[in-house]
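Proteins get letters first, then strands, A, B, ... in listed order; numbering begins at 1 in each. Everything quoted here is computed from the prediction, not taken from an experiment.
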Amino acid sequence: MTTRGIDFKALSLKDALDLAVLIEQEAKERYEEFAAQMDQHRTPEAATFFRHMALNEAKHGEELAARRATLFGNAPASVTRAMIFDIEAPDYDAARAFMSPRKAMEAALASEVKAHAFFMAAMPSIQDQGVKLLFQELSGEEVQHQDLVKAELAKLPPDSGLSDEDFVDEPAAQ
Amino acid sequence: MSATCEFQAKDYKSDLKPIWCPGCGDYSVVQGIYRALAAIGRPPHEIAFISGIGCSSRIPGYTTAYGFNTVHGRALPIAQGIKLANPDLLVLAAGGDGDGFSIGGGHIAHLIRRNIDITYIVMDNQIYGLTKGQLSPTSQKGRITVTSQHGSLEEPVNPLLYTLAYGAGFVAQASPTDLASMASIIEEAIRYPGFAFVNIQSPCVTYGEEAQQIKGLKAISENLSTLGHNPADRLAAMDLAQQYGRKLHLGVFYRNPEPAPTYDGLIRERQAALSKGALPKERILDLFIKK
């Protein structure tokens with residue numbers, strides 16, 4: 001989780017909404033990447049779950065973008081994608097070939113925890129009241145998302161005890 | 001050369017789906033390259049992306065640029081030929097540490113001394129991953145692999161010191177621990193007028209060691225700009241580069257403040273000088289025709 005060049009003290013509501021949209025977009029794209037990786041490596045259950053997460057992130061991003069448009073119209077954005085990395089998107093190395101649905105959900109859960117931590121860490125620096133309220137709302141939603149993923153995890157049958165590594169070929173010299 | 005226009009990262013992404021192992025660092029490297037190319041803004045047909053052989057050498061196929069997945073260790077000479085044949089192309093070369101510093105190790109010195117305007121991106125994972133985990137030139141001493149069952153007895157090649165010592169005008173290091181920074185380093189390397197080298201610590205999730213995975217890399221990473229490093233200071237860069245393998249310094253080690261002329265530029269100048277007073281191409285045959 002990295003940010004670059006974001007002055008949280010001076011963050012306006014427009015910039016904060018733009019930032020939130022970018023965070024959702026990044027997460028959506030990462031989940032789509034993960035789904036494609038799982039398709040490629042014949043791990044359909046994890047692919048389905050990652051695709052579901054991508055849809056959720058896209059939906060949330062669209063809602064935030066609509067709010068931004070209502071409040072600020074086409075006013076140019078001053079925050080860019082280059083300012084954020086891995087805020088709500090799962091870490092690149094969270095994906096594994098043949099990962100179980102449980103592992104996939106755990107990766108998503110870790111991402112929601114990370115996103116919540118980002119908003120909480122930024123909060124003390126925020127000066128604008130509107131931004132403060134937005135960040136409180138977004139951090140609250142991250143907690144709700146965590147609960148949703150936890151509920152899905154609870155529905156899964158007990159873990160087989162097998163690791164992803166059990167399905168990977170042993171290294172062999174060529 | 002065409003004028004630059006607005007391109008987005010997705011414009012450089014091909015329809016081919018990467019087949020790297022999920023979790024591989026190369027997934028983020030290709031994203032970093034898409035972003036850097038979008039920032040540069042050259043259309044895909046004006047870019048040639050050349051690679052050797054290995055997992056990371058699949059990368060040109062995942063872009064919409066012209067690509068050539070060549071033979072093992074030969075990305076650089078082929079990239080050099082392409083650049084000299086068509087200097088207007090933006091030429092990128094890429095590969096792994098084995099491709100670049102073992103079988104292809106002899107080529108780097110010559111591209112550096114000629115200062116060919118190419119950006120060379122090495123995805124350094126300290127292992128031969130495609131062939132299932134053999135010792136590579138950047139594997140740490142003591143490393144146990146299928147070809148070093150009792151631990152490697154060799155010191156690793158230091159790619160940063162190697163390129164700095166040969167006089168590269170731009171040397172940087174990045175990692176998937178920070179994609180935004182990686183993209184901006186690649187962009188800066190492409191914009192550098194001359195040979196630019198970017199070493200990317202890209203973890204191998206299947207055959208790499210735990211300490212070389214993202215979490216391990218984060219633990220030893222330090223940003224060169226926060227250390228107050230001056231990228232114009234080559235000796236300071238060489239000093240920092242010696243910590244390769246122990247510390248992961250991210251950012252630009254060295255950027256020559258007064259870039260030397262490029263070989264491709266010098267060739268153009270010489271061609272222009274030698275062709276003064278020469279017959280135009282369409283009249284060459286006149287030389288052989290008696291009047």
Side chain from CB out, backbone as N, CA, C, O: work out which of these in [X] comes under 4.5 Å of a heavy atom of chain B, or both, or neither.
{"X": "F85(A)", "value": "side chain"}
{"X": "D91(A)", "value": "side chain"}
{"X": "M83(A)", "value": "neither"}

When heavy-atom pairs shorter than 4.5 Å are enumerated against chain A, which of I214(B), T145(B), L179(B) gives the highest number?
->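 Top option by heavy-atom pairs under 4.5 Å: L179(B).
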Among the options A183(B), A39(B), S181(B), pick out the one with the most heavy-atom pairs lying under 4.5 Å from chain A.
->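 Of the options given, most contacts go to S181(B).
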Step through the shown structure and confirm whether more than 12 heavy atoms of other residues, nucleotides or ligands are within 6.0 Å of [atom1] on [X].
{"X": "K114(A)", "atom1": "NZ", "value": "yes"}
{"X": "K59(A)", "atom1": "NZ", "value": "no"}
{"X": "E45(A)", "atom1": "CD", "value": "no"}

Considering all heavy atoms, the nearest A82(A)-A180(B) contact =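 Minimum heavy-atom separation between A82(A) and A180(B): O-CB, 3.3 Å.
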Please, which pairs that meet side chain to side chain donor-acceptor pair (under 3.5 Å) have at least one residue in residues 29-39 of chain B, sequence neighbours excluded?
->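 Passing the test, one end in residues 29-39 of chain B: E33(A)-Q31(B).
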Please tabulate, for the side chains in residues 15-24 of chain B, all donor-acceptor contacts under 3.5 angstrom to protein atoms that are two or more places apart in sequence or on a different chain.
unit_1	atom_1	unit_2	atom_2	d
W20(B)	NE1	C55(B)	O	2.8

